[in-house]
Amino acid sequence: MLNFENSFHKLNNNFYENVVPSKPPKPETISFNKHLSQLLGIKTSWIKGTEGLECFTGKQIIKSSNPLAMVYAGHQFGNWVPRLGDGRAILLGEILDQNNERWDIQLKGSGLTPFSRNGDGKATLGPVLREYLMSEAMYKLGIPTTHALFIAKTGENVYREKVYPGAIITRVAKSHIRVGTFQYFASQGQYDLVKVLMDYVIRRNFPEINNDRNKYLSFLKFVIDAQAKLISKWMNVGFIHGVMNTDNCSIIGDTIDYGPCAFMDKYNENTVFSSIDTFGRYSYKNQPIICQWNLAQLANCILPFLSNEKEKSIKIAQHEIDRFPEVYNDYFSKEIFKKLGFSHKMENDNKLKDELFDIMKQDELDFTLSFSNLYFKLLNKDNDLFEFTDKSRAFTKWISKWKLRLKKEKKSITQIAENLKKSNPIIIPRNHLVEEAIKFALERDNFSKFFKLLKLVSDPFKYKESNFNYYKPPNVLDKNFKTYCGT
Ligand code: AMP
Ligand code: MG
């Protein structure tokens, strides 16, 4: 039996609406995350059994749970929406893990809430499988993210452009509070609630700043730092979130709300996947600047707490927001130089890095393989994956220059190679593989391809020759590939 805590529920009832999850007609477990359930102290026998299934599909509400839907607002594609909220998500409560860390346990797709607007509060199987796979892959790539604990079919039909099987994903995170949560209260002038919310996040997620003299300025700095770090990690694996609205911007810097996200195959900084992103607002290259824009919205919400004088508060906030590019670039550089095997930055390293990105773009090289091939190149190990980079003469020329640069490193070739291997994933959940696995599951009710892919992306730095087909880019790149929102 689980014992939920309800710190958010107790905080202030302006932050949520009490809700009851819909009862699914015929719930059926698809999978659960063993490692995560163990961390949370959940017994395997319990989660595997009827009680686990009924808890994580909303069929039974555990006594200690106070289910709620959180309220928030947000800028969607730059347009202000004064009230959004959890339209298809229900927070069951929190669990303290073995290290006394507090995790939210949230159902996604379990029915209507007061924030459902025109939606049905449901989720379909495809996007649920997608989120399970993508969030696990991100976690294993070392990228902050919400986690997926449990996925199940509900046994009911959900109507979209077609009829799909309904499904529910149990999402776990150290916070579900978003920039949009702050915006909701600030936009209504309820600064007392902004303060309660901020104090809650500080106590729960950033305890180290609790005693700072200006802890609200520290809070802003912390969020900026966490977001800069997150986006730099996305950029270093070619991940495109797709819907970086302020309501999808987690206050603790997790990747949250897996909708139309995807990894790039061939490199182009203008890549956009989301079907609704007509103007490319959330393209790969725009992610840092959009992040900065989102953070400016947050800063705006907490101005009254930065100082007693309005003008001074604005100056302080502006200064912090202006620092974002520097903070971001620091993180990005550290990460990219690690990917190139440079232990510290030397003269011309930036140029060498820029040259590589130019070549990748010009010759339409695969993002992931351009980096993972470096390991094999350094060791002169022949590899079938070279065919995807060596068609570019510029790339092979660049490799010679890069090898010369590596001679200045104080480490042995073997050491550098080991570091390259750890920093450059060989496998990411490529669109065509994800789509194929989901299609197979939907059409045949057979999850074998899904589980196989899940297993491989859960060990993204491990190379095995026989997995070549999972490493290679799609044969014919579907230029019109689009991903859709709506889990
Ligand atoms: P998202 O695309 O997850 O960022 O969602 C944007 C907003 O739309 C959030 O307020 C969601 O709760 C809401 N929403 C999305 N899909 C549904 C749905 N099927 N039913 C109800 N609300 C939804
Ligand atoms: Mg969202």
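Each ligand, and each atom within it, is numbered from 1 in the order the structure gives.
Counting heavy atoms from C-beta outward, Leu84 and Tyr184 have side chains that stay 4.5 Å or more apart. Counting heavy atoms from C-beta outward, Phe4 and Asn66 have side chains that stay 4.5 Å or more apart.
Side-chain contact, Asn270 with Lys285: a donor N or O sits under 3.5 Å from an acceptor N or O.
Any protein N/O/S atom under 2.8 Å from the Mg ion (ligand 2) was counted, giving 2 altogether.
Looking at Arg160 against ligand 1, only its side chain comes within 4.0 Å, counting heavy atoms. Counting heavy atoms closer than 4.0 Å to ligand 1, residue Gln76 contributes side-chain atoms (C-beta onward) but none from N, CA, C or O.
The minimum heavy-atom distance between Asn245 and Phe77, with the atom names listed, is OD1-N, 2.7 Å.
The closest approach between Met70 and ligand 1 stays at or above 4.0 Å for every heavy atom of the residue. The closest approach between a heavy atom of Gly259 and any atom of ligand 1 is not below 4.0 Å. Using a 4.0 angstrom heavy-atom cutoff, Asp120 counts as in contact with ligand 1.
Residue-ligand proximity, Arg117 to ligand 1, at heavy-atom distances under 4.0 Å covers atoms 7 (C), 8 (O), 9 (C), 10 (O), 13 (C). Taking a cut-off of under 4.0 Å to the non-hydrogen atoms of Asp257, the atoms of ligand 1 that pass are 3 (O), 4 (O). Taking a cut-off of under 4.0 Å to the non-hydrogen atoms of Lys122, the atoms of ligand 1 that pass are 19 (N). Close approach to Asn248 involves these atoms of ligand 1, each under 4.0 Å from a residue heavy atom: 4 (O). Set against the non-hydrogen atoms of Gly121, the atoms of ligand 1 under 4.0 Å away are 18 (C), 19 (N), 20 (N), 21 (C). Residue-ligand proximity, Tyr72 to ligand 1, at heavy-atom distances under 4.0 Å covers atoms 9 (C), 10 (O).
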Worked check of side-chain hydrogen bond (donor to acceptor under 3.5 Å, both in side chains) between Thr246 and Gln183: CA-CA 9 Å; Thr246 53; Gln183 287 181 291; 2.6 Å; yes
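Ring to ring, Tyr16 and Tyr72 are not that close: their centroids are 6.0 angstrom or more apart. Taking the centre of each ring, Tyr200 and Phe15 stay at or above the 6.0 Å mark. The distance between the ring centers of Phe357 and Tyr267 falls below 6.0 angstrom.
Between Phe371 and Phe367, the angle of the ring planes lies from 30° to 60°, which puts this pair in the tilted group. Ring geometry for Phe324 versus Tyr328: interplanar angle under 30°, hence parallel rather than tilted (30 to 60°). Taking the six-membered ring for Trp and thresholds of 30 and 60 degrees, Phe182 and Phe219 have ring planes inclined between 30 and 60 degrees apart.
Considering backbone and side-chain atoms alike, Gly119 places every N or O at 3.5 Å or more from each N or O of ligand 1. For ligand 1, the polar-atom distance check finds no N/O of Phe115 at less than 3.5 Å from any of the ligand's N/O atoms. For the pair Gly85 and ligand 1, the shortest N or O to N or O distance falls below 3.5 Å. Considering backbone and side-chain N/O atoms, Asp86 never comes within less than 3.5 Å of an N/O atom of ligand 1.
Residue pairs meeting the ring pair (Phe, Tyr, Trp, His ring centres under 6.0 Å) criterion with at least one member in residues 113-138, sequence neighbours excluded, do not occur.
Within a 6.0 Å sphere centred on NZ of Lys23, other residues, nucleotides and ligands contribute more than 12 heavy atoms.
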